[in-house]
Amino acid sequence: MVLAELGGSISRALQQMSNATVIDEKVLNDCLNDITRALLQSDVQFKLVRDMQTNIKNIVNLDDLAAGHNKRRIIQQAVFNELCKILDPGKPSFTPKKGKTSVVMFVGLQGSGKTTTCTKYAYYHQKKGWKPALVCADTFRAGAFDQLKQNSTKAKIPFYGSYMESDPVKIAVDGVERFKEENCDLIIVDTSGRHKQEAALFEEMRQVSEATKPDLVIFVMDSSIGQAAFDQAQAFKQSVAVGAVIVTKMDGHAKGGGALSAVAATKSPVIFIGTGEHMDEFEVFDVKPFVSRLLGMGDWSGFMDKIQEVVPMDQQPELLQKLSEGNFTLRIMYEQFQNIMKMGPISQVFSMLPGFSAELMPKGREKESQAKIKRYMTMMDSMTNEELDSSNPKLMNESRMMRIARGAGRQIREVMEMMEEYKRLAKIWSKMKGLKIPKKGEMSALSRNMNAQHMSKVLPPQMLKQIGGMGGLQNLMKQMGSAKDMMGMGGLFGGGGD
Ligand SMILES: Nc1nc2c(ncn2[C@@H]2O[C@H](COP(=O)(O)OP(=O)(O)OP(=O)(O)O)[C@@H](O)[C@H]2O)c(=O)[nH]1
């Protein structure tokens with residue numbers, strides 16, 4: 001079962017329970033059995049699932065809950081907490097510090113995505129101002145060095161490796177030395193993999209680790225390996241001091257649940273997940289927001305981080321200022337579409353919104369939405385500055401629309417459709433009018449201004465309904481800590497999901 005489906009199944013089980021008039025032993029058992037089945041089908045280890053069921057039953061003692069208690073919420077919370085517990089070893093991994101040299105060694109089987117992940121990890125930190133460097137100590141796979149070289153060159157990250165030297169320990173030591181001298185603060189060592197777990201691999205890993213004394217060993221695991229995940233993770237942990245896990249290929253049709261059980265095997269947290277072949281298809285893994293997303297409860301903080309990543313800091317206050325004045329122009333719409341396109345796969349962004357689990361955004365629709373946005377942008381490219389900067393849709397008469405359609409090689413009907421979309425968005429964004437704007441560089445201040453009342457006006461009604469109305473929204477915001485700023489983006493994704 002794909003993770004999105006797993007989330008869908010658990011949400012449905014909880015929903016069915018919520019629909020029951022009275023929650024008694026039978027209703028609770030049915031709900032827990034459905035959840036158990038879904039987890040097992042996703043290859044989560046049997047023992048973990050059984051423990052989870054027992055724990056929930058212990059917490060939710062229906063007899064002890066007085067009539068006034070909100071049993072639904074207590075059960076939902078217990079499921080949420082138990083899922084988090086499976087994924088959280090209870091202690092954070094070593095975290096490298098910017099400006100201070102750390103050596104991070106990557107281990108994993110061949111094909112797990114180790115080399116790709118090393119570069120993604122380096123690139124992620126480089127974007128945040130670190131000085132990373134890559135060392136290729138994989139002398140087993142022909143072509144490994146070329147691959148690393150190619151990736152690092154593309155990302156402009158310094159690298160070290162050798163075509164001549166066959167001793168991985170020597171390469172690792174030389175590479176680490178060199179980059180320490182160059183004051184790199186994140187030295188990443190990519191080690192060899194093998195097709196299967198074998199003594200030679202573990203011995204090599206041990207030697208490289210002993211020689212380079214890494215501050216952190218990251219175990220890279222392919223999410224599609226299913227039930228084998230637990231044993232594989234344990235075998236690596238026994239040979240080398242694994243401190244963190246990265247699960248790759250979470251974008252595929254993998255049974256991700258199994259890989260997530262690796263946390264239990266290594267007692268180390270998953271710190272990132274790989275969600276595609278590209279360099280930036282890489283996400284920080286946080287247990288609570290992940291479980292929230294899995295259950296279709298949304299992940300405001302991830303969503304907002306994503307927005308803040310793509311809307312340049314200096315544009316944010318300006319945009320908010322315009323919105324607070326109620327000036328939603330076609331140019332703003334254009335810029336926001338540009339930002340959406342930069343955000344990466346639209347389904348990823350969607351899955352962060354409450355009520356929009358990835359399941360609700362099938363692959364086909366995603367392409368369709370993206371194509372539509374691109375089409376709108378092409379049409380806006382044919383507009384004059386006056387048209388783009390006006391917030392008066394009446395300006396757009398038939399002859400202007402005809403000209404735009406001709407210029408963009410589209411039908412007038414499509415320009416009209418885009419204008420309808422603009423009006424719909426302008427209406428939603430107009431609710432931002434009067435919003436108190438934080439000073440430059442003070443984005444978090446907005447979260448204090450943005451209360452549930454405000455959010456409820458901005459969110460499309462069906463989304464609000466899915467969250468559970470005003471009450472659900474308030475809970476959600478409390479749960480997520482802060483809603484940060486919405487920037488009115490909910491509107492862009494609203495209205496039926498394209
Ligand atoms: N879809 C998807 N593909 C990925 C992801 N991470 C890696 N890959 C692909 O998986 C394949 C194997 O990745 P590599 O990085 O070459 O594997 P490796 O584990 O380094 O292999 P060895 O160096 O032989 O140990 C490549 O085609 C990658 O593009 C991911 O998160 N999603």
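FYI, the numbering just counts along the sequence from 1.
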How long is the straight-line distance from [atom2] of [Y] back to [atom1] of [X], given to the nearest 0.5 Å?
X	Y	atom1	atom2	answer
Leu14	Ile35	CG	CD1	4.5 Å
Glu25	Lys57	CD	NZ	6.5 Å
Ile86	Leu39	CD1	CG	6.0 Å
Trp130	Ile157	CH2	CD1	13.5 Å
Met279	Lys127	CE	NZ	10.0 Å
Asn29	Met17	CG	CE	12.5 Å

**Report entry** All side-chain hydrogen bond (donor to acceptor under 3.5 Å, both in side chains) counterparts of Asp30, not counting sequence neighbours
**Finding:**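 With sequence neighbours excluded, Asp30 shows a side-chain hydrogen bond (donor to acceptor under 3.5 Å, both in side chains) to Lys26, given in chain and number order.
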Requested in this report: State which residues pass side-chain hydrogen bond (donor to acceptor under 3.5 Å, both in side chains) with Ser268; sequence neighbours excluded, sorted by chain then number.
Outcome: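 Applying side-chain hydrogen bond (donor to acceptor under 3.5 Å, both in side chains) to Ser268 gives none.
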**Report entry** Any pair counted as side chain to side chain donor-acceptor pair (under 3.5 Å), so long as it reaches residues 105-118, sequence neighbours left out
**Finding:**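 Qualifying pairs: Thr115-Asp190.
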Query raised in the report: Restricting to pairs with a member in residues 79-88, which pass side chain to side chain donor-acceptor pair (under 3.5 Å), not counting sequence neighbours?
Result: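 Sorted result for residues 79-88: Asn55-Glu82, Gln77-Asn81, Glu82-Lys85.
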Any side-chain heavy atom of [X] sitting closer than 4.5 Å to one from [Y]?
X	Y	result
Met205	Val217	no
Leu201	Leu109	yes
Ile246	Ile271	yes
Pro214	Val189	no
Arg141	Gln147	yes
Val247	Phe285	no
Ile10	Leu83	yes
Ser224	Lys249	no

Minimum heavy-atom distance [X]-[Y], with the two atoms named:
X	Y	answer
Ala137	Ser192	O-OG, 3.7 Å
Asp215	Ser102	OD2-CA, 3.2 Å
Ala144	Asp138	CB-OD2, 3.3 Å
Gly113	Val220	C-CG1, 4.1 Å
Ile75	Ile23	CD1-CG2, 3.9 Å
Leu186	Tyr121	CD2-CE2, 3.8 Å

Report task. Kindly indicate, with the supporting measurements, whether the criterion side chain to side chain contact (heavy atoms under 4.5 Å, CB included) is fulfilled by Met105 and Thr191. Result -> CA-CA 7 Å; Met105 174 175 153; Thr191 62; 3.8 Å; yes
Extract all donor-acceptor atom pairs below 3.5 Å that involve side chains of residues 228-245 and protein atoms in other chains or at least two apart in sequence.
{"from": "Lys237", "atom 1": "NZ", "to": "Val242", "atom 2": "O", "distance (Å)": "3.0"}
{"from": "Lys237", "atom 1": "NZ", "to": "Thr266", "atom 2": "O", "distance (Å)": "3.1"}
{"from": "Ser239", "atom 1": "OG", "to": "Ala235", "atom 2": "O", "distance (Å)": "3.3"}

Query raised in the report: Step by step, would you call Arg206 with Glu203 a side chain to side chain contact (heavy atoms under 4.5 Å, CB included)?
Result: CA-CA 5 Å; Arg206 252 192 300 269; Glu203 183 50 35; 3.5 Å; yes
Report task. Ignoring hydrogens and angles, tell me if any N or O in the side chain of Thr95 forms a donor-acceptor pair with the backbone of Ser93 under 3.5 Å. Result ->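 Pair found, side chain donor or acceptor close to backbone of Ser93.
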Query raised in the report: Yes or no on side chain to side chain contact (heavy atoms under 4.5 Å, CB included) for Asn33 and Arg37, after CA distance, side-chain angles and deciding distance?
Result: CA-CA 6 Å; Asn33 286 340; Arg37 204 169 310 124; 4.2 Å; yes
Requested in this report: Apply side-chain hydrogen bond (donor to acceptor under 3.5 Å, both in side chains) to the pair Lys120 and Asn151, showing each step before the final yes or no.
Outcome: CA-CA 9 Å; Lys120 285 180 174 179; Asn151 289 349; over 6 Å; no
**Report entry** Step-by-step side chain to side chain contact (heavy atoms under 4.5 Å, CB included) determination, Ile56 to Val79
**Finding:** CA-CA 7 Å; Ile56 295 177; Val79 171; 3.9 Å; yes
Query - ring pair (Phe, Tyr, Trp, His ring centres under 6.0 Å) against Tyr376, all qualifying residues, sequence neighbours excluded - result: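 With neighbours one apart ignored, the set is empty.
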Requested in this report: Please work out whether the ring planes of Phe282 and Phe272 are parallel, tilted or perpendicular, with thresholds of 30° and 60°.
Outcome: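 Judged by the thresholds at 30° and 60°, the geometry between Phe282 and Phe272 is parallel.
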